[in-house]
Every structure is written in C-alpha cells, then in structure tokens.
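Have a look at the structure below before the remarks.
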Amino acid sequence: MKISVASGKGGTGKTTVATNLAVAIARMGKNVAYLDCDVEEPNGRIFLKPEIRKQIEVTVPLPQVDFSKCTLCGECSAACEYHAIAVLGKTVEVFPSLCHGCGGCSDVCPEDAINEIPRTIGSISCGMGMGVEFLEGRLNVGEAVSPPVTKALKKLVAKPEVVIYDAPPGTSCPVIEAISGTDYVILVTEPTPFGLNDLKLAVGMLRELGLPYGVIINRSDIGDSRTDEYCQREDIEILGKIPYDRRIAESYSRGEMLFGVDSEYERSFRGLYASIVRRIKNDRISYSQR
Ligand code: ADP
Ligand code: MG
C-alpha cells in the first residue's frame, strides 16, 4: 500500500503528517517505509532520527562528444527537448545541469559520435529510525533536475506493507515523479486564500493523473471557511483537520514527534490510516466489479 503526502503550497505540514503517520503505523506492528522525496530539502530525518546504514550515489548519463567523428550536423541539438546540447560555431557544447540523461542525443547521432559518462547529481541514504525503514533522496546543491533522484529512491525500497512518500510541494515534474504509482494521495492544505489557490491546482493535477485523494486541513482554525466550501462543492473528502497548535511548532523545532505533545494525535493518525485503507480497499473492490 503506497500513500503519498503532497500539497500545492509549501509549508502546509506534509512532513509533520508523513512522519507521524509512518510512526503511528509502525507502532501498530506493521512493516512501514518512509521515503523523503522532497529531494531539494529533505528533513524527515530530523524526526525519524535514522541510523544510516547505506549511502548510494545517483548518477545520470551525460553526453560526451567524440570530435574525431562529429560532423557538427546538429541532429543531437535538434533532438534535445531540454536544450542541453548545442552546436555553437565549430564545437558542440553540453550543458550538464539541463541534461535529463535520456540518451536521445546519442541515439540520433548519425556518426555514433556521442558516448555517455555517468555524472553524480545526488545521493540516497537508507536506514532505520523509530521502527520505520527510512530512505532519503538528496539532490546536490546547484543541480536543477531532481526526478532521477526520486526515481532511483523509489526503486530502492524493499516491499514493506506500507510505504509513505513525503512529496515536494507544487504541481510540477518532481511532484508527479514522487506520487505516480501510489494508491492514495493525502493533500495537506491550510484554509487561507493562498492555500486554497494551490489546493485547486493540486486537485487539478490529481484528476489529470486519475489518482484517488483526500484532504487534510491543517491549522484549520486560522483561516476561513472557503476551503471547506470548495471541498463540499467539488465532492472532495476531508480526511481530517488539525488545529493550529503552538505545541506542534515547538515539538517540531525540537525535532520531536507529535505523540509526545498529546497521545490524542497518535489515535488520530491511526484513524487516518484506517480510513485510507478502507478507501483503497473499496476502490479495488469497485474496480474489480467493473
Ligand atoms: P511541509 O513538509 O509541508 O513543508 P512541515 O511539516 O515541515 O511542512 O511544517 C511546516 C511548519 O509548520 C513547521 O514549522 C511545523 O512545526 C509547523 N506546523 C505544521 N502544522 C502545524 C500546526 N497544526 N500547528 C502549528 N504549527 C504547525
Ligand atoms: Mg516537508
């Protein structure tokens, strides 16, 4: 069972929900993995405090031109959607930070003049923390293309009963890479105009992807009722609400889980897990009856 925690807007509480949900599930005796897919600024490890057992480099293939064969025909540059390779005067320039490592340039080269060499763009750390299998992707500073790190991260997880994906914010490629193939997406939002605007974008993305989802309204008492009204109007399930709680911000700053703040939170996360399981099972039953 794969559950993503995502949001249109940043800072809504994804990591708070993802880490606490993972530990609550582990404390129910289940085998659970937490994947930090927010590879530009992963911070789940602050809360899960894993003992890191393995670190792996993530590489992408980078084109290298053999000028003894190259005729400057420009096929490579025409084929590259990302403008990562260009014929400039009497040379071919490769722009590593734009390259997605797809191999298209070397495939189309009529002279077989392009070789590929691995280039490190990030790393993956694996370990165990608070009874949860922990995997974190980290994009190197200065790199622009994060999906290959997330893709490598998702391939590395063993097959536990439950996997929680802590996604980056937004609705662009890094998010789609993180949430694709998951069974259910929890969208964490806040009831502010900005939060609602970005929630609508995230809902549009999930409808396009055809993934089942529900919403958690965090800091539910600080905004207005427009997020509730939008969810009702659009028939979007509200999975739960978390009030603004200064103790949450304080325990987060200390790198601690919410269970220490109030045992009620652990009960809420167990309830959240149970309702998601019910939804996924119902979806599977109705799908198999079609
Ligand atoms: P994201 O992963 O979406 O960026 P985080 O889980 O890191 O969000 O939370 C962002 C900040 O908001 C943290 O400082 C956290 O303590 C604070 N926060 C999250 N939920 C609440 C809440 N219900 N009450 C008070 N502070 C909260
Ligand atoms: Mg986060």
Side-chain angles (χ1 to χ4, degrees), residues 2-21 34-44 47 82 137 139 143-147 149-150 164-249 252-253 258 265 268-269 272 275-276 279-280 283:
K2 300 171 187 155
I3 304 169
S4 303
V5 184
S7 71
K9 182 183 173 296
T12 53
K14 294 177 294 302
T15 298
T16 306
V17 169
T19 52
N20 281 281
L21 179 61
Y34 163 90
L35 267 67
D36 201 337
C37 302
D38 193 0
V39 302
E40 288 182 58
E41 44 186 339
N43 67 344
F47 308 98
Y82 306 104
L139 185 70
E143 293 295 340
V145 179
S146 68
V149 178
T150 310
I164 308 289
Y165 298 83
D166 191 352
T171 53
S172 59
C173 294
V175 182
I176 292 172
E177 188 63 56
I179 66 174
S180 63
T182 57
D183 298 302
Y184 194 87
V185 182
I186 301 171
L187 282 180
V188 186
T189 190
E190 58 185 34
T192 59
F194 194 7
L196 179 56
N197 178 73
D198 291 358
L199 173 66
K200 288 177 182 170
L201 296 174
V203 165
M205 169 185 72
L206 293 174
R207 285 181 175 159
E208 188 90 10
L209 293 171
L211 290 174
Y213 61 95
V215 168
I216 288 185
I217 305 183
N218 192 12
R219 302 186 189 91
S220 54
D221 46 350
I222 54 147
D224 55 46
S225 60
R226 279 179 284 181
T227 303
D228 271 288
E229 287 155 19
Y230 165 74
C231 289
Q232 265 173 27
R233 211 168 47 241
E234 295 287 328
D235 204 17
I236 296 168
E237 179 163 17
I238 297 177
L239 297 162
K241 293 184 180 182
I242 308 172
Y244 175 83
D245 185 343
R246 189 185 161 93
R247 296 173 305 165
I248 293 183
Y252 186 104
S253 304
L258 294 188
Y265 282 125
S268 305
F269 280 107
L272 172 67
S275 51
I276 291 173
R279 263 160 213 93
I280 294 175
D283 276 359

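Heavy atoms only, all atoms of each residue included: T227 and P191 are closest at OG1-CA, 3.4 Å. For the pair V5 and K14, the tightest heavy-atom approach, listed with the atom from each and the gap, is CG1-O, 3.6 Å. Counting all heavy atoms, side chain and backbone alike, G214 lies closest to L239 at C-CD1, 3.6 Å. Listed here is the closest heavy atom pair of R226 and P193: NH2-CG, 3.8 Å. Heavy-atom minimum distance, R219 versus T12: NH1-O, 3.8 Å. Minimum heavy-atom separation, L139 to V145: CD1-O, 3.5 Å.
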**Request:** Evaluate side chain to side chain contact (heavy atoms under 4.5 Å, CB included) for T19 paired with T15, printing each intermediate quantity in order.
**Result:** CA-CA 6 Å; T19 52; T15 298; 4.0 Å; yes
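To the nearest 0.5 Å, atoms CG (L21) and CG (L258) are separated by 11.5 Å. With rounding to the nearest 0.5 Å, the separation of OH in Y265 from CG in N20 is 10.0 Å. With rounding to the nearest 0.5 Å, the separation of CD1 in I186 from CD1 in I179 is 12.5 Å. In this structure, the separation between OG1 on T189 and CD1 on I217 is 7.0 Å, given to the nearest 0.5 Å. Interatomic distance, OG of S180 versus NZ of K2, reported as 9.5 Å (0.5 Å rounding). The CD1 atom of I242 sits 4.5 Å away from the CG atom of N218 when rounded to the nearest 0.5 Å.
Within the 4.5 Å cutoff, no side-chain heavy atoms of D38 are placed close to those of N43. Contact annotation: the side chain of I236 approaches that of Y213 to within less than 4.5 Å [non-hydrogen atoms, C-beta and beyond]. Proximity of V175 to M205: side-chain heavy atoms (C-beta onward) are separated by under 4.5 Å at one or more points.
No donor-acceptor pair under 3.5 Å is formed between the side chain of D36 and the backbone N or O of P42. A donor-acceptor contact shorter than 3.5 Å is absent between the side chain of S225 and the backbone of D228.
Under the ring pair (Phe, Tyr, Trp, His ring centres under 6.0 Å) criterion, Y252 pairs with F47, sequence neighbours left out. A search for ring pair (Phe, Tyr, Trp, His ring centres under 6.0 Å) contacts involving Y82 returns H100, not counting sequence neighbours. Not a single side chain to side chain contact (heavy atoms under 4.5 Å, CB included) links Q232 to another residue, sequence neighbours left out.
Side-chain contact annotation: Y184 with D283, donor-acceptor N/O pair under 3.5 Å absent.
Atom CD of E229 sits in a crowded spot, with more than 12 heavy atoms from other residues, nucleotides or ligands closer than 6.0 Å.
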